[in-house]
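Inspection log for the structure reproduced underneath, given as structure tokens.
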Amino acid sequence: MADAGRGRGRGLALLQALKSQITESPAPQDPRQEPSTTASVAATANVAAKPNLVPDTASSVAPSNVSSTSTIPGGRGKMAAMLLSKMQKPGGDKPTFTPASDVSPSPSIISQGRGAGRGLQLLQNLRKQTPASSTVDSSVENITKGLAASSVSSANLPGGKNKYYSEISQTKPVVMKGESGTPCDLTANFIYLKYEDNTVFEYEVRYEPDQDYKHLRFKLLNEHNHFFQQKTFDGTTLYVPHKLPDEALNLVSTNPYDNSKVNITILYRRPRLLREMIHIYNMLFKHIMRDLNLVRFGRQHFNEKAAIQIPQYKLEVCPGYVTAVDEYEGGLMLTLDSTHRVLRTQTVLSLIKETVQTQGAGWKRHISDALIGTSVMTTYNKKLFRVDSIDDTITPRSTFEKNEKGQMVKITYLDYYKNKGIDIMDMDQPMLISRDSKRMPGSEQVTDFMICLVPELCQLTGLSDSQRSNFKLMKDVATYTRITPNQRHAAFKKYIQNVLENETALNRLKGWGLTIAPETIEIAGRTLAPETLYFGNNVKVPGQPNSEWNGDVGKNSVMQAVDILRWVVLFTDRDKQVASDFVETIKRCSRPMGINVSNPDMVRLPNDRTDTYVMALKKCISSQLQVVVAICPTIRDDRYAAIKKICCAENPVPSQVINARTIMNSQKIRSITQKILLQINCKLGGTLWHISIPFKSAMVVGIDSYHDASRKKRSVCAFVASYNQSMTHWYSKAVFQERGQEIVDSLKSCLVDALKHYLRINGRLPDRIIIYRDGVGDGQLKLLKEYEIPQMEVSFSVVDDTYKPTLTYIVVQKRINTRIFLKSREGFSNPAPGTIVDHKITRRDWYDFLIVSQKVNQGTVTPTHYVVVSDNSPMSPDQCQRLTYKLCHLYYNWPGTVRVPAPCQYAHKLASLVGQNIHQQPSEALADKLFFL
């Protein structure tokens with residue numbers, strides 16, 4: 001019961017634990033009753049410090065002094081103590097709880113339940129239903145049976161909550177559906193897999209003598225493939241869809257390296273249900289990719305035969321597929337997405353020769369800059385290697401030691417590849433060095449390896465910086481990589497057809513009792529109505545189907561204007577006219593927006609050196625200054641970072657850095673200046689527009705992280721929280737995380753500071769807190785729920801001992817392979833902004849939904865996946881989905897909806913600015929403004 005804090009979990013688990021302790025020999029649990037035995041025990045941790053911690057894990061240890069109310073919080077724990085005191089055995093001895101295991105609960109784990117409602121209600125019902133002459137056993141049994149027989153609908157649960165999580169029952173998926181919106185017919189890149197409820201047989205494979213190398217274990221077992229026509233093997237554990245005959249349990253193989261005999265013993269472990277073995281399905285489809293002659297790069301598979309050549313740029317675009325099998329709310333499905341990989345047709349050797357011709361004696365430095373740190377692909381086995389150095393003292397004529405039948409012999413690279421059927425033409429080319437490290441079998445030490453690669457046999461991958469800056473090249477490449485919904489769906493159909501027509505692939509599926517559906521899944525989705533926008537002077541702009549309002553921003557007054565009266569413009573001699581035109585344009589643009597702009601102090605700089613800008617900033621920044629505008633002649637990261645470091649940390653003042661080229665075009669200067677003025681208004685604390693927010697007292701929080709590869713040891717976590725009812729004003733903090741430090745430690749302090757700021761501004765604390773957390777993968781969801789969320793709840797008592805708001809914690813996932821298509825007469829198209837899918841393709845064991853919140857003009861739109869990890873509020877799924885979509889309208893850097901809620905996007909901007917440029921915490925003086933836009 002991973003989510004025992006929801007619904008019936010905790011109260012029922014507590015009652016079961018009660019039952020097990022009061023009876024001397026607990027009766028075995030009826031397997032027909034809920035919950036399952038994996039989550040039948042919950043206990044109360046004995047922690048003296050407040051607030052008391054109540055783990056919901058099956059491995060929790062309950063102390064014997066549970067009835068002491070000094071260590072038990074109010075509500076459920078206090079009620080449990082009262083009940084326990086009435087259930088003492090004759091003689092006055094209090095019942096004790098026996099731990100479910102010898103693992104003590106972590107002091108950082110806290111209950112994620114819904115307040116005291118359900119547990120308290122259950123215990124009260126128990127007291128009412130237990131007559132004086134009845135035993136506790138019968139009461140617990142009655143309650144258990146009643147809960148097991150109840151409907152999945154949360155309406156029948158005590159407390160009247162409308163949230164229900166499937167981990168209460170391991171047999172029923174989570175169903176959390178909204179209602180509002182216009183129905184629409186959709187399909188997605190999910191394909192049903194029908195499976196027979198077959199049994200998978202698990203075996204353990206042992207070798208005598210023991211074989212340390214994994215590839216050798218595979219080779220030795222594969223000598224007897226006639227016994228395992230279908231299998232999954234990881235080097236130790238073997239899964240097969242049929243029980244092995246007796247003659248297959250003791251085998252003898254020959255070591256190909258020294259011709260020694262190896263005895264293989266296969267021991268039967270246990271049967272497993274096929275639906276429980278998700279990893280087998282994923283391994284199965286990797287084999288099917290090979291059956292379809294697709295080549296694997298990383299986790300993706302590509303069709304080399306269908307590669308599209310772009311000869312003018314020496315590039316080729318290779319189409320491929322990404323697959324993943326999992327059990328979703330609608331059943332077992334294959335997620336299939338079309339992808340592309342851009343490869344350079346140029347070999348590394350040809351690049352070296354070009355560099356020698358153009359750079360002469362300095363070729364090695366230039367080629368090192370171009371290659372070191374990049375990945376190259378060996379053309380003979382399609383493997384990727386990172387280039388760490390270039391060694392011109394080693395050539396294909398050089399020798400290395402090779403293990404041949406147990407003996408080390410010297411051989412040249414030339415002869416080694418010739419024996420493999422590969423002829424090397426250039427004998428004098430330098431070698432590429434790729435370094436790797438791994439732990440050798442039987443050793444605890446990590447050994448470094450040096451892999452030598454022949455440039456002639458290596459192909460360049462990806463795009464260089466110069467290629468990425470080539471607009472025409474990127475546009476031509478995008479025509480092949482940004483495929484339309486119709487093209488993408490056609491690729492899915494082609495894949496399904498290839499599998500159904502490939503006899504080997506079909507037999508592989510049939511061997512495991514699987515069949516693949518001929519079509520993608522059909523889904524009934526909903527599209528929310530467009531949101532009405534509110535500007536200044538009581539102007540209401542009806543929402544548009546494309547969710548964009550670029551034209552309305554320029555002609556309407558902003559909601560809250562901040563007059564720009566004291567500001568400075570820094571510019572160089574060559575940009576004097578550009579600066580003058582910019583000031584005149586911004587004054588003209590400000591009138592329709594309702595912003596008064598005074599003449600700035602014009603500071604002319606003799607040159608564009610970084611230190612010149614820094615010295616000028618330190619001189620002109622004063623306490624009365626509102627904003628600094630720096631016009632730079634070129635884009636330079638070091639100069640930008642220096643300006644932002646001064647203005648955001650050392651001498652805090654809102655700042656705007658402008659590239660002179662962007663405002664040189666007289667035809668575009670007005671539209672560009674309008675956007676700059678809007679940004680400046682936000683940085684000064686103004687509001688551009690807002691929408692209707694139903695909550696009167698709520699704080700919405702966005703969290704995102706930035707991982708700085710250059711610093712290696714530190715990452716930046718950005719925290720942005722609203723502090724007004726319309727959610728247009730934001731309080732922000734950025735903190736650095738040392739390696740090994742739990743990110744929650746800093747988030748607690750950020751939340752406390754944000755709550756204190758909310759209290760200063762509003763005179764009260766928010767009734768509810770809604771957190772959108774970006775940058776969390778599937779593997780971290782359980783850790784987040786069991787550790788981070790309870791720690792966040794602990795911080796409430798730091799602000800006020802009696803403060804207990806409701807908390808909704810939502811994980812935002814952008815990097816997903818899910819694609820959603822709108823079905824129409826013309827084929828398939830992108831769904832409209834506001835389209836929601838909350839069933840069938842959602843996670844089986846989590847409360848989650850998908851929203852398409854933005855409109856894309858090229859390619860296929862990618863929805864955003866939201867996982868509600870914890871929610872103890874009365875907010876329904878429909879309200880949660882609508883609020884999430886509303887927040888996608890409030891990002892002030894774009895006059896339209898964005899892909900994630902505004903607080904997440906703000907947190908992303910702040911984390912990037914601090915991690916890439918400032919490298920230190922921003923000043924607290926700017927915390928209540930959007931200075932990072």
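All residue numbers refer to positions in the sequence shown, counting from 1. In this text the structure is predicted, and so the values were computed from the model without any measurement.
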In the structure I gave you, are the side-chain heavy atoms of [X] and [Y] within less than 4.5 Å of one another anywhere?
X: Lys855; Y: Gln544; value: no
X: Val342; Y: Tyr313; value: no
X: Ile851; Y: Thr884; value: yes
X: Leu371; Y: Leu460; value: yes
X: Val720; Y: Lys909; value: no
X: Phe302; Y: Thr339; value: yes
X: Val597; Y: Trp567; value: yes
X: Leu315; Y: Asp476; value: no

I'd like to know if the side chain of [X] pairs up with that of [Y] as donor and acceptor (distance under 3.5 Å, no hydrogens or angles considered).
X: His889; Y: Glu531; value: no
X: Arg819; Y: Ser338; value: no
X: Thr484; Y: Asn486; value: no
X: Thr860; Y: Arg488; value: yes
X: Arg566; Y: Gln624; value: no

Kindly compute the distance separating [atom1] ([X]) from [atom2] ([Y]), expressed to the nearest 0.5 Å.
X: Lys644; Y: Ile918; atom1: NZ; atom2: CD1; value: 7.5 Å
X: Cys589; Y: Arg670; atom1: SG; atom2: CZ; value: 4.0 Å
X: Leu910; Y: Ile703; atom1: CG; atom2: CD1; value: 12.5 Å
X: Cys682; Y: Gln560; atom1: SG; atom2: CD; value: 10.0 Å
X: Glu354; Y: Ile367; atom1: CD; atom2: CD1; value: 9.0 Å
X: Tyr891; Y: Leu688; atom1: OH; atom2: CG; value: 11.5 Å

*asked:* Using the rule given for side-chain contact (heavy atoms from CB on, under 4.5 Å), can you reason through Arg604 versus Asp573, listing the C-alpha separation, both sets of side-chain angles and the distance that settles it, and then say yes or no?
replied: CA-CA 7 Å; Arg604 184 179 58 83; Asp573 280 334; 2.7 Å; yes
Non-hydrogen atoms of [X] and [Y] that approach each other most closely:
X: Lys555; Y: Gly551; value: CG-O, 3.5 Å
X: Ser598; Y: Leu565; value: OG-CD2, 3.3 Å
X: Asp563; Y: Gln626; value: O-NE2, 2.9 Å
X: Tyr534; Y: Ser692; value: CE1-N, 4.0 Å
X: Leu533; Y: Phe535; value: CB-CE1, 4.0 Å
X: His729; Y: Asn724; value: N-OD1, 3.2 Å

Treating [X] as the side-chain partner and [Y] as the backbone partner, does any N or O pair qualify as donor plus acceptor under 3.5 Å?
X: Lys587; Y: Asn599; value: no
X: His340; Y: Tyr480; value: yes
X: Thr461; Y: Ser375; value: yes
X: Thr612; Y: Asp608; value: no
X: Asn681; Y: Val562; value: yes
X: Asn546; Y: Glu548; value: yes
X: Ser655; Y: Val628; value: no
X: Asn651; Y: Ile621; value: no
X: Gln459; Y: Arg344; value: yes

Does [X] have more than 12 heavy atoms from other residues, nucleotides or ligands lying within 6.0 Å of its [atom1]?
X: Arg636; atom1: CZ; answer: yes
X: Met615; atom1: CE; answer: no
X: Ile635; atom1: CD1; answer: no
X: Asn538; atom1: CG; answer: no
X: Asp637; atom1: CG; answer: no

*asked:* Suppose we screen for side-chain hydrogen bond (donor to acceptor under 3.5 Å, both in side chains). Which residues come up paired with Gln674, at least two apart in sequence or across chains?
replied: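 For Gln674 there are no side-chain hydrogen bond (donor to acceptor under 3.5 Å, both in side chains) partners, ignoring immediate neighbours.
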Please tabulate, one pair per line, all N/O donor-acceptor pairs under 3.5 Å involving side-chain atoms of residues 574-583, not counting sequence neighbours.
unit_1: Asp575; atom_1: OD2; unit_2: Thr572; atom_2: OG1; d: 3.2
unit_1: Gln577; atom_1: NE2; unit_2: Asp581; atom_2: OD1; d: 2.9

*Might you work through the side-chain contact (heavy atoms from CB on, under 4.5 Å) test for Thr835 and Asn830, ending with a clear yes or no?*
CA-CA 10 Å; Thr835 300; Asn830 286 320; over 6 Å; no
What pairs of donor and acceptor atoms, side-chain ones from residues 896-908 against any protein atom, are under 3.5 angstrom apart with sequence neighbours left out?
unit_1: Thr897; atom_1: OG1; unit_2: Ser853; atom_2: O; d: 2.6
unit_1: Arg899; atom_1: NH2; unit_2: Lys814; atom_2: O; d: 2.4
unit_1: Tyr906; atom_1: OH; unit_2: Leu890; atom_2: O; d: 2.8
unit_1: Tyr906; atom_1: OH; unit_2: Tyr892; atom_2: N; d: 3.0
unit_1: His908; atom_1: ND1; unit_2: Asp704; atom_2: OD2; d: 3.4

*With respect to Thr818, which candidate in Thr862, Asp337, Asn189 satisfies the side-chain contact (heavy atoms from CB on, under 4.5 Å) definition?*
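One option only clears the test, and that one is Asn189.
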*Run the numbers on Cys647 and Phe931 for side-chain contact (heavy atoms from CB on, under 4.5 Å), then give the verdict.*
CA-CA 10 Å; Cys647 297; Phe931 67 94; over 6 Å; no
*asked:* Could you go through Lys683 and Lys929, starting from their C-alpha distance and side-chain angles, then the distance that decides it, and tell me whether this counts as side-chain contact (heavy atoms from CB on, under 4.5 Å)?
replied: CA-CA 6 Å; Lys683 291 179 179 182; Lys929 298 179 178 65; 5.9 Å; no
*Measure up the Trp689 and Trp549 rings against each other and bin them: parallel (under 30°), tilted (30 to 60°), perpendicular (over 60°).*
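Because their plane-to-plane angle is over 60°, the rings of Trp689 and Trp549 count as perpendicular.
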